[in-house]
Amino acid sequence: QVQLVESGGGLVQAGGSLRLSCAASGRTSDRYVMGWFRQAPGKEREVVAAINWSGTSTYYADSVKGRFILSRDNAKNAVLLQMNSLEPEDTAVYYCAAGFLVRTVPQASDFGSWGQGTQVTVSS
């Protein structure tokens with residue numbers, strides 16, 4: 001299994017930017033699909049974005065398309081989520097996840113390894 005640790009969360013004003021990082025350790029040689037999910041208070045966990053092993057294919061939720069950019073650096077065992085034009089609705093705990101057989105529209109159940117989460121708060 002792979003261990004994941006997120007960083008980069010914080011408080012930002014609407015319209016601002018944050019970059020989340022996810023560092024992987026353990027079985028990093030496995031060809032994981034990496035994803036970011038978020039969960040706001042009282043809401044279900046939802047997918048934000050996902051990227052395949054080679055970085056050639058990405059998925060973005062409609063709510064973040066055109067604002068968020070997901071990338072990965074396998075040499076550094078890292079995944080980066082650049083979040084621009086942040087909105088108060090983006091406020092949530094953001095989780096990094098790793099999985100193998102991930103559906104076209106990624107689901108939380110597709111991912112077997114999870115980080116502890118990092119809080120993102122966007123003020124209006």
Side-chain angles (χ1 to χ4, degrees):
Q1 223 175 9
V2 64
Q3 290 76 48
L4 305 171
V5 178
E6 304 96 334
S7 61
L11 173 64
V12 65
Q13 288 189 329
S17 298
L18 281 175
R19 187 172 72 171
L20 304 184
S21 299
C22 176
S25 61
R27 295 186 58 170
T28 57
S29 61
D30 290 341
R31 296 182 174 236
Y32 292 101
V33 173
M34 298 298 296
W36 282 94
F37 287 75
R38 66 187 182 187
Q39 189 165 18
K43 295 188 177 181
E44 291 188 357
R45 190 170 297 191
E46 62 177 4
V47 64
V48 174
I51 189 167
N52 67 347
W53 167 256
S54 62
T56 56
S57 178
T58 51
Y59 168 88
Y60 294 98
D62 287 344
S63 58
V64 307
K65 272 182 188 175
R67 300 188 298 123
F68 291 11
I69 302 171
L70 180 59
S71 61
R72 68 188 297 166
D73 184 339
N74 291 334
K76 297 181 179 179
N77 298 318
V79 177
L80 301 176
L81 182 66
Q82 178 66 41
M83 305 187 297
N84 301 318
S85 302
L86 283 162
E87 304 168 351
E89 293 74 22
D90 296 316
T91 295
V93 177
Y94 283 70
Y95 297 90
C96 178
F100 285 110
L101 296 177
V102 176
R103 283 167 271 193
T104 303
V105 179
Q107 305 294 315
S109 58
D110 297 337
F111 296 82
S113 298
W114 293 83
Q116 82 288 351
T118 185
Q119 177 71 46
V120 171
T121 303
V122 184
S123 63
S124 57

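Values below: all heavy atoms of this structure, side chains included; hydrogens, waters and symmetry mates excluded.
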Student: Which distance, rounded to the nearest 0.5 Å, do you find between the CZ of F68 and the CG of L20?
Tutor: 8.0 Å
Student: If you measure from CD on E87 to OG on S124, what distance do you get to the nearest 0.5 Å?
Tutor: 12.0 Å
Student: Between R67 and S85 (side chain of the first, backbone of the second, donor and acceptor by atom type, cut-off under 3.5 Å), is there such a pair?
Tutor: yes
Student: Work out which heavy atom in L81 is nearest to a heavy atom in Y94; give both atom names and the distance.
Tutor: CD2-CD2, 4.4 Å
Student: Of all residues at least two apart in sequence or in a different chain, which pass the side chain to side chain contact (heavy atoms under 4.5 Å, CB included) check with A78?
Tutor: K76
Student: With sequence neighbours left out, what residues match R19 under salt bridge (charged side-chain N to carboxylate O under 4.0 Å, His left out)?
Tutor: none
Student: Would you mind listing every disulfide bond (SG atoms under 2.5 Å apart) that reaches into residues 26-76, with sequence neighbours excluded?
Tutor: none
Student: To the nearest 0.5 Å, how far apart are CH2 in W36 and OH in Y60?
Tutor: 13.0 Å
Student: Can you list everything that forms a side-chain hydrogen bond (donor to acceptor under 3.5 Å, both in side chains) with N74? Sequence neighbours excluded, please.
Tutor: R72
Student: What do you reckon, is CD of Q116 surrounded by more than 12 foreign heavy atoms closer than 6.0 Å?
Tutor: yes
Student: Would you please name every residue forming a side-chain hydrogen bond (donor to acceptor under 3.5 Å, both in side chains) with Q39, sequence neighbours left out?
Tutor: R45
Student: Residues two or more places apart in sequence or in another chain: which of them pass side-chain hydrogen bond (donor to acceptor under 3.5 Å, both in side chains) with D62?
Tutor: K65
Student: Taking the side chain as every heavy atom from C-beta outward, state whether Q119 and T91 have any atom pair closer than 4.5 Å.
Tutor: yes
Student: Out of curiosity, L18 CG to D90 CG, how far, rounded to the nearest 0.5 Å?
Tutor: 10.0 Å
Student: State whether the side chain of E6 and the backbone N or O of G117 hold a donor-acceptor pair below 3.5 Å, judged by distance alone.
Tutor: yes
Student: Give the minimum heavy-atom separation between P88 and A14, together with the two atoms involved.
Tutor: CD-CB, 4.1 Å
Student: Under 4.5 Å side-chain heavy-atom separation, chaining through any Ile, Leu, Val, Met, Phe, Trp or Tyr, what else clusters with V47? Say none if it is isolated.
Tutor: V33, F37, Y59, V93, Y95, V102, V105, F111, W114
Student: Which residues satisfy the side-chain hydrogen bond (donor to acceptor under 3.5 Å, both in side chains) test with S7, sequence neighbours excluded?
Tutor: none
Student: If a pair satisfies disulfide bond (SG atoms under 2.5 Å apart) and one of its residues is in residues 29-92, list it, with sequence neighbours excluded.
Tutor: none
Student: Same cluster or not: F100 versus V79, using hydrophobic residues (I, L, V, M, F, W, Y) connected whenever any side-chain heavy atoms lie under 4.5 Å apart?
Tutor: yes
Student: Considering only heavy atoms from C-beta outward, does the side chain of M34 approach that of C22 to under 4.5 Å?
Tutor: yes
Student: First locate atom OG1 of T58, then atom CG of L70, and finally report the distance between them rounded to the nearest 0.5 Å.
Tutor: 7.0 Å
Student: Please list, chain by chain and in numerical order, all residues satisfying salt bridge (charged side-chain N to carboxylate O under 4.0 Å, His left out) with E46, sequence neighbours excluded.
Tutor: R38
Student: Let me see the working for Q82 and N84 under side-chain contact (heavy atoms from CB on, under 4.5 Å), right down to the final yes or no.
Tutor: CA-CA 6 Å; Q82 178 66 41; N84 301 318; 2.9 Å; yes
Student: Rounded to the nearest 0.5 Å, what separation is found between the CG atom of L86 and the OG atom of S123?
Tutor: 10.0 Å
Student: List for me each residue that meets side chain to side chain contact (heavy atoms under 4.5 Å, CB included) alongside S113, sequence neighbours excluded, and say none if there are none.
Tutor: Q1, V2, L4, A98
Student: ring-ring contact (aromatic ring centres under 6.0 Å, His included): which pairs involve residues 1-29, sequence neighbours left out?
Tutor: none
